[in-house]
Amino acid sequence: EAAEDRSRDNVAKRHTVFIIVYGCTTGYLAFVYLVNWLTYEKGSPPTVFPLLTQVADVVFLASALCITSSLPEELPLKVTTEVLDGPPPTPPPQERLCQSSWAIERAVSHVCTCPRGLTERFAIFKLLSQPLEERVFYPSVYLSASHEVFVGTLVFTWAWTWNLRPDQILDHPARPLMGSYSPFFGWDYAPASWFSVVVCSMNVLLTWRYSLLQQTRSIIRNPEGRTVVQQFSKFSAILLALSSNVWQLLWVIGPVGQEPGQPLDKLDVNKWFLHTGIFFTYAAASYLCALANYLEAAEDRSRDNVAKRHTVFIIVYGCTTGYLAFVYLVNWLTYEKGSPPTVFPLLTQVADVVFLASALCITSSLPEELPLKVTTEVLDGPPPTPPPQERLCQSSWAIERAVSHVCTCPRGLTERFAIFKLLSQPLEERVFYPSVYLSASHEVFVGTLVFTWAWTWNLRPDQILDHPARPLMGSYSPFFGWDYAPAS
């Protein structure tokens, strides 16, 4: 794209060299691994000399990490965010959805267009169909979308497993602990678990985005300091975002090493207790976010938009979540081999179903909040130099700015690492290059790899030195460090 834009001519020789080296290294690494895999014979050394594989690993990782400073400059985006004092304005006629067909006719740009019936009922489709240049939305739509992904995945995997592998549900190793057929039994084992991990990983984006937007609205509305309810909202949103990351361990802690239909004496109660603890951390954080949303609406006396149905929903959702946690905890703590669960299984089953129904109803059962208006435009040149009060304080680790931020990182970090640059972006108006997100993803990848390698080498070196895949390639792959717990 940079080379195609002749008007700017900003592709230097170093950019070309980098893209060639990065491409050749990636291709060579894939070729080496493939050759070793296809020509492997038990007891024979790898076809490719191990040192060549090791060098390819290191150069590939170095290339991935250098992407931050080795890509040509692109056209930046300018994003402006403001809080509206009322509901979103009604879109003009040309903005409305065409009711006569499945097509969507709009006068603005979209990445994706979904049928009106879907966008009006499901938050995830509403997000996919947002206009690009200017959009007005409620931050809670991201919270609702995360619930829809969670419940939708659960229902789909249950139906899938029930039809293809019903034994994974009927003979689930954790069933003696609770007696009922938990809705979560359907996604614990492959192939349904593979689908669940991939789809539920979207909630990492949705919950972190919700956390950012929730804090953005609070800071813009109260730049001098947040109220107690807004602080509660902030911490509940951060807890939900963090628990969505930890949520991915749900398919590692518990099901691994425990098989459907196994003898009762092989049941590892501690594993399933941790497994369930991960789930309830996410469930509790999710409810706290809904409660914070309700309390913020109730605190805003000028709008008075909390109806009786909203209060009933937040009470039912809270009681159901608490009761479900209580039932599971009692059954876990009082479990005795060969004895039935303490709580009657039907009560546990009903609690499961009502909890999921409550989680799915969040889309339409929270009170209306103040929306955000986000405007995006493409600039024709590099970002303007920030005014003096915008610049970072060089005399200390503190950052002094005249605008609002969710997080402020030291200048030394923001200038060298894309991930810290993203964390320190101003809220009301920010100018940035889209590739900073690509760079940040590479930094997370390589940083995690290096950290887990050092961790495993110091705590469990046998996981690297005696890795089962080492005979296939001969070298000590950098990826050996994160394949097993606790680093995994």
Side-chain angles (χ1 to χ4, degrees), residues 81-87 137-147 203 206-246 280-323 325-326 358-359 361-374 398-409 423-428:
T81 304
E82 60 180 296
V83 180
L84 300 184
D85 293 328
F137 61 96
Y138 300 106
S140 63
V141 72
Y142 286 88
L143 179 64
S144 300
S146 70
H147 282 69
N203 278 350
L206 294 172
T207 53
W208 277 104
R209 185 68 177 153
Y210 170 71
S211 176
L212 173 65
L213 294 172
Q214 186 76 0
Q215 293 179 69
T216 296
R217 185 177 59 194
S218 298
I219 292 172
I220 293 176
R221 288 186 68 198
N222 301 88
E224 297 83 11
R226 280 174 271 200
T227 64
V228 174
V229 171
Q230 287 174 336
Q231 288 286 4
F232 172 68
S233 178
K234 168 190 172 181
F235 289 113
S236 60
I238 292 174
L239 177 61
L240 177 64
L242 291 173
S243 62
S244 69
N245 282 87
V246 179
F280 276 114
T281 301
Y282 181 88
S286 185
Y287 171 70
L288 291 176
C289 284
L291 178 61
N293 181 282
Y294 172 84
L295 293 175
E296 278 200 86
E299 186 183 46
D300 189 354
R301 300 294 184 185
S302 62
R303 301 177 69 235
D304 191 27
N305 62 338
V306 177
K308 188 176 181 180
R309 66 184 181 89
H310 300 135
T311 305
V312 170
F313 167 74
I314 211 69
I315 292 173
V316 171
Y317 189 15
C319 291
T320 306
T321 305
Y323 176 68
F326 173 76
S358 299
C361 287
I362 196 173
T363 301
S364 57
S365 300
L366 287 179
E368 189 179 84
E369 59 189 330
L370 289 176
L372 291 176
K373 178 182 178 182
V374 177
I399 291 184
E400 298 173 354
R401 295 198 178 188
V403 292
S404 305
H405 299 77
V406 167
C407 177
T408 52
C409 301
L423 290 173
S424 297
Q425 289 183 116
L427 299 180
E428 294 93 337

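Keep in mind it's a predicted model, so treat the numbers as computed, not measured. One-based numbering along the sequence shown.
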Participant: Going from SG on Cys289 to CZ on Phe235, what distance comes out if it is rounded to the nearest 0.5 angstrom?
Facilitator: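 Going from the SG atom of Cys289 to the CZ atom of Phe235 covers 13.0 Å.
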Participant: How far does CD of Gln231 sit from CD of Gln215, to the nearest 0.5 angstrom?
Facilitator: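 Spacing of CD (Gln231) from CD (Gln215) equals 9.5 Å.
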Participant: For the CD1 atom of Ile238 and the OG atom of Ser243, what is their distance to the nearest 0.5 Å?
Facilitator: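 Nearest 0.5 Å value for the CD1-OG distance: 11.5 Å.
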Participant: Tell me, with the steps shown, if Thr216 and Thr81 meet side chain to side chain contact (heavy atoms under 4.5 Å, CB included).
Facilitator: CA-CA 9 Å; Thr216 296; Thr81 304; 4.0 Å; yes
Participant: Kindly give the heavy-atom pair with the smallest separation between Val316 and Ser358, and that separation in Å.
Facilitator: CG1-OG, 4.2 Å
Participant: Measuring only between side-chain heavy atoms, which start at C-beta, is Ile220 closer than 4.5 Å to Glu428?
Facilitator: yes
Participant: Any sub-3.5 Å donor-acceptor pair from Arg221's side-chain atoms to Val83's backbone N or O?
Facilitator: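 Such a contact is absent between Arg221 side chain and Val83 backbone.
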Participant: Please name the pair of heavy atoms, one in Ser244 and one in Thr207, separated by the smallest distance, quoted to 0.1 Å.
Facilitator: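 Taking every non-hydrogen atom into account, OG-OG1, 2.8 Å.
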Participant: Using only atom types and a distance under 3.5 Å, with no angle test, would you say the side chain of Asn203 pairs donor to acceptor with the backbone of Ser146?
Facilitator: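 Judged by distance alone, yes, a pair lies under 3.5 Å.
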Participant: So, Thr227 side chain and Gln230 main chain: donor-acceptor pair closer than 3.5 Å or not?
Facilitator: yes
Participant: Going by heavy atoms in the side chains, are Ser233 and Asn293 under 4.5 Å from each other?
Facilitator: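 Heavy-atom side-chain distance check fails, nothing below 4.5 Å.
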Participant: What closest approach, in Å, do Trp208 and Leu242 show between heavy atoms, and which atom pair accounts for it?
Facilitator: CZ2-CD2, 3.7 Å
Participant: Closest heavy-atom contact between Ser236 and Ala292?
Facilitator: OG-CB, 3.8 Å
Participant: If you round to the nearest 0.5 Å, how far is CG of Leu423 from SG of Cys409?
Facilitator: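 Nearest 0.5 Å value for the SG-CG distance: 5.0 Å.
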Participant: When rounded to the nearest 0.5 angstrom, what is the spacing between OG1 in Thr320 and CZ in Phe313?
Facilitator: 9.0 Å
Participant: Under the side chain to side chain contact (heavy atoms under 4.5 Å, CB included) rule, what do Val374 and Phe137 come out as? Steps first, then yes or no, please.
Facilitator: CA-CA 8 Å; Val374 177; Phe137 61 96; 3.6 Å; yes
Participant: Short question: side chain of His310, backbone of Ala307 - any donor-acceptor pair under 3.5 Å?
Facilitator: yes
Participant: Look only at the side chain of Thr321 and the backbone of Tyr317, and say whether a donor-acceptor pair between them is shorter than 3.5 Å.
Facilitator: yes
Participant: Are Gln214 and Ser218 linked by a side-chain donor-acceptor pair shorter than 3.5 Å?
Facilitator: no
Participant: Are any of the side-chain heavy atoms of Leu240 and Tyr282 separated by less than 4.5 Å?
Facilitator: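 They are in contact (side-chain heavy atoms under 4.5 Å apart), so the answer is yes.
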Participant: For residues Tyr210 and Ala237, report the shortest heavy-atom separation together with the two atoms involved.
Facilitator: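 Answer, listing the atom of Tyr210 first, then Ala237: CE2-CB, 4.1 Å.
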Participant: Test your reading of the model: is there a side-chain donor-acceptor pair from Glu299 to the backbone of Leu295, 3.5 Å cut-off?
Facilitator: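 Here the side-chain-to-backbone pair does not exist.
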Participant: I'd like to know if the side chain of Thr311 pairs up with that of Tyr294 as donor and acceptor (distance under 3.5 Å, no hydrogens or angles considered).
Facilitator: yes
Participant: Search all heavy atoms of Tyr138 against all heavy atoms of Glu369 and return the closest pair with its distance.
Facilitator: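 The pair with the smallest heavy-atom distance is CE2-O, 2.8 Å.
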Participant: Ignoring hydrogens and geometry, is there a side-chain-to-backbone donor-acceptor pair from Tyr287 to Ile314 under 3.5 Å?
Facilitator: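 Judged by distance alone, yes, a pair lies under 3.5 Å.
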Participant: Enter the distance from Leu143:CG to Leu213:CG here, rounded to the nearest 0.5 Å.
Facilitator: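 Atom-to-atom, Leu143:CG and Leu213:CG are 11.5 Å apart.
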